[in-house]
Amino acid sequence: VQFEGFAGKEVLEIGPGLGTDHAQFARGGARMFALDLTRRHLELTARRFELEGLRTRLVRGDAERVPMADASFDVVYAYGVLHHTPATRQAVDEIRRVLRPGGTAIVGLYHRHSAFHWIYTVLWRGIRLGELRRKGYVRMLSDIEYRSAGSEAVPLVKVLSRRECRRLFGAFGDVRLRTDHVEP
């Protein structure tokens, strides 16, 4: 991501999780804002920033209805988040809305045609271990995500093709797709 390349920019991270990438942007000199649906992730990010002496503005909210003004940010970063969003198209439209003209959206999504998806998830877990038959595709995908012990929550997990991503981001002026992560 080259976090240090965004010094002086206003960056909104959607779904900061533990604040790891968020802190890297801040250490690189970006002015940070975080939006998360869960109070716990905002608390964890706040604690990390407190310990490191960094600054951010934390907002509890939904990526499908970003509570920020139009054209507020130079960069919107959402890594590993939007493929869990029920209305992904709406979230992408919100990213475009809050970006300043010429701004940059950096979005990481699960790739349908990755080695991890086909070899590990579909062939190994789905067919070899029988999870497709026992659980079905949607439940098998949800099991990729960590859940607290005893939780009955079934996370929404989507995998997208490059074509679907191009359609999803079609309203953006310059779309560059890159596959960065391949699991053996």
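Residues: numbered from 1 along the sequence shown.
Atom CE of Met140 sits about 6.0 Å away from atom OG1 of Thr121, to the nearest 0.5 Å. Of the inter-residue distances, the one linking Leu109 atom CG with His84 atom NE2 reads 9.5 Å to the nearest 0.5 angstrom.
Shown here are the side-chain contact (heavy atoms from CB on, under 4.5 Å) partners of Leu99, two or more places apart in sequence or in another chain: Val76, Ile95, Ala105, Phe172. The ring-ring contact (aromatic ring centres under 6.0 Å, His included) search around His41 returns none, not counting sequence neighbours. For Arg40, the side-chain contact (heavy atoms from CB on, under 4.5 Å) test picks out Glu43, Leu44, with sequence neighbours left out. Scored by the side-chain contact (heavy atoms from CB on, under 4.5 Å) test, Ala87 finds Glu64, Gln90 as partners (sequence neighbours excluded). Contacts of Glu94 classified as side-chain contact (heavy atoms from CB on, under 4.5 Å), with partners at least two apart in sequence or in another chain: Val66, Arg97. Legend: residues meeting salt bridge (Lys or Arg N to Asp or Glu O under 4.0 Å) with Arg60, ordered by chain and number and at least two apart, are absent. Every ring-ring contact (aromatic ring centres under 6.0 Å, His included) that Phe25 has, sequence neighbours left out, goes to Phe3, Phe6, Tyr77.
The hydrophobic cluster analysis finds Leu37 isolated: no Ile, Leu, Val, Met, Phe, Trp or Tyr side chain comes under 4.5 Å of it, directly or through other members. Residue Leu54 shares its hydrophobic cluster (ILVMFWY side chains chained together at separations under 4.5 Å) with Phe49. Its side chain within the 4.5 Å cluster rule, Leu42 clusters with Leu58 among the Ile, Leu, Val, Met, Phe, Trp and Tyr residues.
At distances below 3.5 Å, not a single donor-acceptor pair connects side-chain atoms of Ser72 with backbone N or O atoms of Val98. Of the possible polar contacts, one joining the Arg89 side chain to the Leu168 backbone as a donor-acceptor pair under 3.5 Å is found. In this structure a side-chain-to-backbone donor-acceptor pair under 3.5 Å is missing from Arg48 to Ala23. The backbone N or O of Ile127 lies less than 3.5 Å from no partner atom in the side chain of Arg133, so there is not a single donor-acceptor pair.
Pairs of residues two or more places apart, or lying in two chains, that qualify as salt bridge (charged side-chain N to carboxylate O under 4.0 Å, His left out) and include a residue from residues 154-172 are Arg112-Glu164.
Heavy-atom contacts from other residues, nucleotides or ligands closer than 6.0 Å to CZ of Arg31 number more than 12. Summarising the local packing, CD of Glu50 is surrounded by more than 12 heavy atoms from other residues, nucleotides or ligands at distances under 6.0 Å. The number of heavy-atom neighbours closer than 6.0 Å to CZ of Arg134, taken from other residues, nucleotides and ligands shown, is above 12.
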For a quick test of your reading: what N or O donor-acceptor pairs under 3.5 Å do the side chains of residues 11-18 make, sequence neighbours left out?
| unit_1 | atom_1 | unit_2 | atom_2 | d |
| --- | --- | --- | --- | --- |
| Glu13 | OE1 | His22 | N | 3.3 |
| Glu13 | OE1 | His22 | ND1 | 3.0 |

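Using the six-membered ring where Trp is involved, His113 and Trp118 have ring planes that are parallel, under 30° apart on the 30 and 60° scheme.
Across all non-hydrogen atoms, the minimal contact from Ala91 to Thr85 is CB-CG2, 4.1 Å.
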